[in-house]
Amino acid sequence: MSRGRTIAGTMAVIVVVGAALRGVSRRFEIKESSMSPALEPGDWTIAKRRSGIPDRGDIVVFDDPSGSGMSLVKRVIGLPGEQVVVDRGRVSIDGVILADRWANGVTRPDDSWSVPVGHVWVLGDSRGASRSDGRIFGAIPIDAIGWQIVARYWPRSRIAIIG
């Protein structure tokens with residue numbers, strides 16, 4: 001199958017998903033590189049309204065806990081009741097090193113965070129570029145997460161289902 005047909009097919013799926021989620025979906029433009037390479041500045045995404053507890057690896061959208069008024073886009077790493085540890089650049093969950101296939105760069109600083117019930121712990125994929133994530137503000141309440149990214153629809157060369 002040609003790349004053009006693959007892109008057209010993926011775009012059709014995204015349009016159908018977007019239409020099916022009408023009223024419970026929202027578009028977000030990515031403006032920073034903290035989620036690179038999964039999401040790059042200039043990417044446009046479709047998100048569905050969050051329901052339930054996010055899964056590890058989900059990319060979620062929530063209001064910046066610092067009160068900046070910005071929405072942040074980050075990946076869920078730690079789940080309720082877990083202990084997240086960064087040691088020598090590696091992330092572990094409850095003592096097991098995370099197969100952190102999303103990480104772009106070494107995770108710093110070394111530290112430890114407990115994830116309370118009803119919360120999750122998030123990181124940007126581009127660890128050096130992410131200036132505001134769980135390493136700064138700790139765990140976030142699940143109820144603070146409004147959206148989960150499900151697709152990237154622009155630019156055409158980067159069309160993809162996320163998740």
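Nothing here was measured: the structure is a model prediction, and the numbers come from that model.
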Any side-chain heavy atom of [X] sitting closer than 4.5 Å to one from [Y]?
X      : Y     : result
Val91  : Ile77 : yes
Asn104 : Pro37 : yes
Ile30  : Met35 : no
Pro155 : Asp43 : yes
Ile142 : Pro80 : yes
Val84  : Ile93 : yes
Tyr153 : Arg27 : yes
Pro65  : Leu72 : yes

When rounded to the nearest 0.5 angstrom, what distance separates [atom1] in [X] from [atom2] in [Y]?
X      : Y      : atom1 : atom2 : answer
Arg49  : Ser25  : CZ    : OG    : 9.5 Å
Phe137 : Lys74  : CZ    : NZ    : 7.0 Å
Ile149 : Ile161 : CD1   : CD1   : 12.5 Å
Thr45  : Ile59  : OG1   : CD1   : 9.0 Å
Leu39  : Glu29  : CG    : CD    : 12.0 Å
Arg108 : Arg88  : CZ    : CZ    : 10.0 Å

So which heavy atom on [X] is nearest to which on [Y], and how close?
X      : Y      : result
Ile145 : Phe62  : CA-CB, 4.0 Å
Pro41  : Ser33  : CG-N, 3.9 Å
Ser112 : Val85  : OG-CG2, 3.9 Å
Glu82  : Leu79  : OE1-N, 2.7 Å
Arg135 : Ser130 : NH2-O, 3.3 Å
Ser34  : Ala129 : CB-O, 4.2 Å

Hydrophobic clustering (ILVMFWY, side-chain heavy atoms < 4.5 Å, transitive) - are [Y] and [X] grouped together?
X      : Y      : result
Ile53  : Ile140 : yes
Val86  : Val122 : no
Leu123 : Val115 : yes

Where the side chain of [X] meets the backbone of [Y], is there a donor-acceptor pair that is under 3.5 Å apart?
X      : Y      : result
Asp94  : Gln83  : yes
Arg127 : Gly124 : yes
Asp58  : Val60  : no
Trp147 : Val61  : no
Arg50  : Gly146 : no

(request) Check the surroundings of atom CD in Glu32: do more than 12 heavy atoms from other residues, nucleotides or ligands lie under 6.0 Å from it? (result) no
